[in-house]
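Quick caveat, the model's predicted, so the values are computed rather than measured.
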Number of protein chains: 2
Amino acid sequence: MGINDRKARQQEEIKQQIIAESWHIIAEEGWQALSIRRIADAIEYSVPVIYKHFENKEAIQEYFIKDGFAKLTEEMRQIQTASDDERIREIAYSYWRFAASRTAHYRIMFSLGIPHCETVNSVAEMKQMSDMMRVAIEKLAQSHRQEHTDIYLKLKTFWSMLHGFISIELLSNTVIPAEPTPVFKDAIESFMYTLINKK
Amino acid sequence: MGINDRKARQQEEIKQQIIAESWHIIAEEGWQALSIRRIADAIEYSVPVIYKHFENKEAIQEYFIKDGFAKLTEEMRQIQTASDDERIREIAYSYWRFAASRTAHYRIMFSLGIPHCETVNSVAEMKQMSDMMRVAIEKLAQSHRQEHTDIYLKLKTFWSMLHGFISIELLSNTVIPAEPTPVFKDAIESFMYTLINKK
DNA sequence: TTACTTTTGATAACACTGTTAACAAAATGT
DNA sequence: ACATTTTGTTAACAGTGTTATCAAAAGTAA
């Protein structure tokens with residue numbers, strides 16, 4: 001039945017339009033400017049059509065959260081470095097650059113206003129990212145004969161540091177510098193130092 | 001003119017009622033459940049009365065943000081410790097306990113969803129808190145003959161760490177443990193170590 | 001081609017939201 | 001007792017997310 005295939009394609013196209021136009025609005029005017037009616041206007045369909053593709057507005061937010069983590073993971077995946085030391089540094093830097101270049105996206109991903117997700121590990125896209133970090137930390141620990149480090153402890157610390165710096169940056173409403181600041185770099189070096197050297 | 005005094009008192013009481021009832025709703029059902037009409041119902045006045053005391057809803061949020069930082073600073077101020085080492089540790093712990101015991105308040109203070117404040121230093125209550133942290137770091141650095149450390153760099157790192165850990169904790173929707181976790185404590189010790197010992 | 005069925009989409013409503021203009025009533029000053 | 005200011009209310013405007021109801025288009029079978 002080619003007819004059903006075509007229908008599925010057409011529906012999928014509408015969904016992609018919803019996503020594209022939504023992002024258009026968000027990028028231009030922020031998440032708070034996004035309303036179902038504005039999406040409907042933009043895609044030139046009536047309001048209830050949107051509810052055929054997203055259960056509610058929160059589901060749209062959820063989509064962008066997952067999408068954000070997927071994009072972040074993708075950027076991290078493209079890192080090519082010689083040493084394990086370099087790798088974890090570059091992961092940190094690409095995290096910073098992501099927050100700097102896609103600030104609107106980052107804000108949505110970590111908006112603590114509305115509780116949305118269950119556990120970090122239950123969201124596949126989040127887990128992918130944290131896995132990538134974990135492996136990098138693991139490798140660095142191993143290559144410096146630190147097999148007995150608590151990796152999950154270090155992973156949590158690592159992510160907390162990254163997000164902490166970005167958050168504080170986001171508090172003052174100025175644009176995040178495109179490249180990691182010295183403060184940030186310094187903290188990453190400290191983290192790596194305590195990871196490599198036994199206590 | 002005692003009449004004007006009484007009027008001022010009555011108006012002030014209404015304002016306090018607005019604050020109290022607002023907080024009642026927030027504590028019970030979260031920030032998103034707070035609406036002007038619900039406040040009006042609770043204080044048994046009509047809606048426009050609220051606008052006599054707060055310019056708009058954002059002003060109410062702003063009030064709670066400032067109030068939160070004031071309360072946090074107050075808790076930090078009550079710390080009594082023997083050594084400078086102990087002090088910075090206790091500041092970190094009281095930060096954790098604040099976030100754990102007043103999670104709803106903490107969420108409002110750092111909700112990155114709606115941009116609200118200018119610079120950190122322009123909000124007096126924020127500055128108070130960061131000053132308190134800065135002095136503690138300064139003292140610790142001095143008492144270990146580290147006069148040439150960049151205090152602002154360390155302050156930013158310190159706060160980023162604290163907020164980073166809490167944020168990650170807030171992501172997974174479970175309750176924050178009342179007492180600082182080992183991961184958190186470990187990170188604080190690391191921070192203090194790099195602060196005390198020259199690079 | 002006609003009749004029936006399913007899918008698809010639009011209209012319009014419901015119950016909210018923040019905000020404010022217009023007005024009535026109470027309190028105060030003369 | 002009258003005029004004025006203060007105080008608070010009603011009712012509306014323009015928007016929000018969400019959904020029940022219904023019409024039209026598309027597909028299926030005779």
Remember a base hit wins even if backbone is also touched, and classify B/Ile39 as base, sugar-phosphate or nothing at under 4.0 Å, heavy atoms. nothing
Can you tell me the distance, in whole Å, between the [atom1] atom of [X] and the [atom2] atom of [N]?
X: B/Glu12; N: D/dT7; atom1: CD; atom2: C1'; result: 17 Å
X: A/Leu34; N: D/dT16; atom1: CG; atom2: C1'; result: 12 Å
X: A/Gln10; N: C/dT8; atom1: CD; atom2: P; result: 9 Å
X: B/Glu58; N: C/dT17; atom1: CD; atom2: P; result: 18 Å
X: B/Lys15; N: D/dT7; atom1: NZ; atom2: P; result: 15 Å
X: B/Gln11; N: C/dA26; atom1: CD; atom2: P; result: 17 Å
X: A/Gln17; N: C/dG9; atom1: CD; atom2: C1'; result: 14 Å
X: A/Ile36; N: C/dC16; atom1: CD1; atom2: P; result: 19 Å

Salt bridge flag under 4.0 Å for residues B/Asp67 and B/Lys71: yes
Is any side-chain N of the basic residue among B/Glu138 and B/Arg134 closer than 4.0 Å to the acidic one's carboxylate O? yes
Looking at DNA chain D, which of residues 42-56 of chain A put a heavy atom within less than 4.0 Å of it? A/Val47, A/Pro48, A/Tyr51, A/Asn56
Under 3.5 Å, is there a donor on one side chain and an acceptor on the other for B/Tyr63 and B/His53? no
Tell me, with the steps shown, if A/Phe110 and A/His105 meet ring-ring contact (aromatic ring centres under 6.0 Å, His included). CA-CA 9 Å; A/Phe110 289 94; A/His105 217 146; over 10 Å; no
Find out whether the Lys NZ or Arg CZ of B/Lys127 is both under 6.0 angstrom from the six-membered ring centre of B/Phe69 and within 45° of the ring's axis. no
Criterion side-chain contact (heavy atoms from CB on, under 4.5 Å) against A/Tyr95, the qualifying member of A/Met129, A/Met161, A/Glu75: A/Met129
Side-chain donor/acceptor contact of A/Arg37 with base of D/dG15 under 3.5 Å: no
